[in-house]
Amino acid sequence: MPTISKSRFKNGLQCHKLLWYTYNQKEDIPEPDAALLDKFEQGRLVGEYAKKLFPDGIEVAKGIVDFAEVLPASKKAALLLKPMFEAAFEYAGAYARADILEPTPGGKWDLIEVKSSNEIKKHHYHDVALQKYVFDGAGISISKCYLMHLNRGYVRQGDINPPKLFVKKDITKEVENILSEIAPNLKTMAALIKRPTAPDILVGPHCSDPYNCPLKSMCWGFLPKNNVTELYRGGKKQFELIKSGILKLADIPDDFGLTNTQKIQVGVARTGKPHINVEGIEKFLASLKYPIYFLDFETFATAIPLIDNDRPYQQIPFQYSLHVLASLDGKPVHYSYLAEGPIDPRPDILKNLKKLLGSDGTILTFNMSFESGRLNEMSRDYPEYRSWYETIKPRIADLIVPFRRFAYYNPDQEGEASLKSVLPALTGKSYSGLNISEGGVASLEFVRVTFGQATAEEREQVKKDLLIYCGLDTEGMIDILRVLARMSNK
Ligand code: SF4
């Protein structure tokens, strides 16, 4: 009988097909990408800070993954009756390793699961329930179950303060409520793993809930171009359509309940021509006032705050690109900023922008909640800029509006209204071929060369790549505006 570990159990709760592959065809599961590896590393770091709350704690078989070594080491460590980190036990075909087990005066243990999130999520309970099932069964009787996650209100000042960094919540009741599901789930999973072929499971919301499934590119590969998963705010509809055998947008029957924007998508898929609502575009253009300031931020957000006045996962701007356009056909003037070294970039950014954004004209962003959110937070953390932010707030506008409202829609956008989808569809310009071609990579690369280990050459290269990438965002916004303006003149 296969032994089911905690991570495999989580795979199995998400999808039986994924579970089957992890045991039978692991070679088909892609290696984690840089973003996922970074997430693992951030989780590891959070775990290290959590251990500091238990100064007399014992590391059990640190860095060892082989059950055969970890299990006896855990049994031996348990005899010392001290907090244990990463102790593992096995019971009824399941295996689990606890972040922290703390002995209680009554001869039992408290189970503490450490999460690098800012809140408790429902799937965390299942994770802890499996552990309680295994440990109780193995003779490590669990008294209380706790979940320790990051405190979103923690503000770093100087060294990290572990007692303030975490929030510890008692989830014993929630875990007990689902404990009876563990044994039947394990039984079903054990039988499934032994099947000669993978179960036939159709794609659905479970492919990204609670995690993005690594097999998505394989399982979703049967979908043709311009398929029903591109439906804007498609929700359950897209999966209902797939279930009924309708895969292409163009094949959705006219009497299927679609929203107006979804009907536009279907029409565009059938004709292959973009949808243009000149009136909608003109209305948007009329709301802008020159000079227009095209603004874009790049940010980093880490589980453990990297600088003072930073909170877990707060988005800290480290770069901006600003193009200023005095008139539609005028020559744009470009300003940019990129933080040098592990400093707090926000005072410089605020000081520069206060000067550069002037007192009149639209500040144009793409998806304004992001840029407005950052300006709002920066002026909260540096209150001397609060009144300035209040004065520029009404000037901030969003170039995504005509695309979100479907005043313009091109089938090449594939149901998206983001800058990365609109720019190539509308202007033919693209980010492909750039060393840094999306915000997540920009953030990882900046943190790596600024706060981590990197050579001077690497730093220089990343700096160049970041300047090109962020500059293209605001340059691209000018191109988009000009194409929209040409459409409105027709
Ligand atoms: S992509 Fe979806 S259907 Fe395929 S294994 Fe993952 S969760 Fe299951």
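We count ligands from 1, going down the list as the structure has it; atoms in each ligand are counted the same way.
By heavy-atom distance, the residue among Cys213, Cys219, Ser217 lying nearest atom 6 (Fe) of ligand 1 is Cys213.
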Q: Just do the side chain to side chain contact (heavy atoms under 4.5 Å, CB included) check on Thr302 and Phe451 with the steps written out, would you?
A: CA-CA 11 Å; Thr302 53; Phe451 295 92; over 6 Å; no
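Listed by number with element, the atoms of ligand 1 under 4.0 Å from a non-hydrogen atom of Cys207 are 1 (S), 2 (Fe), 3 (S), 7 (S).
Centroid-to-centroid, the aromatic rings of Tyr133 and Tyr91 come within less than 6.0 Å.
In this structure, Lys216 counts as a contact residue of ligand 1, since one of its heavy atoms falls inside 4.0 Å of the ligand.
Between Arg380 and Glu377, none of the side-chain N atoms (NZ, or NE/NH1/NH2) sits under 4.0 Å from a carboxylate O, so this pair counts as no salt bridge.
Contact annotation: Cys15 places an N, O or S atom under 2.8 Å from atom 8 (Fe) of ligand 1.
Nearest heavy atom pair, residue Pro305 against residue Ile160, reads O-CD1, 3.9 Å.
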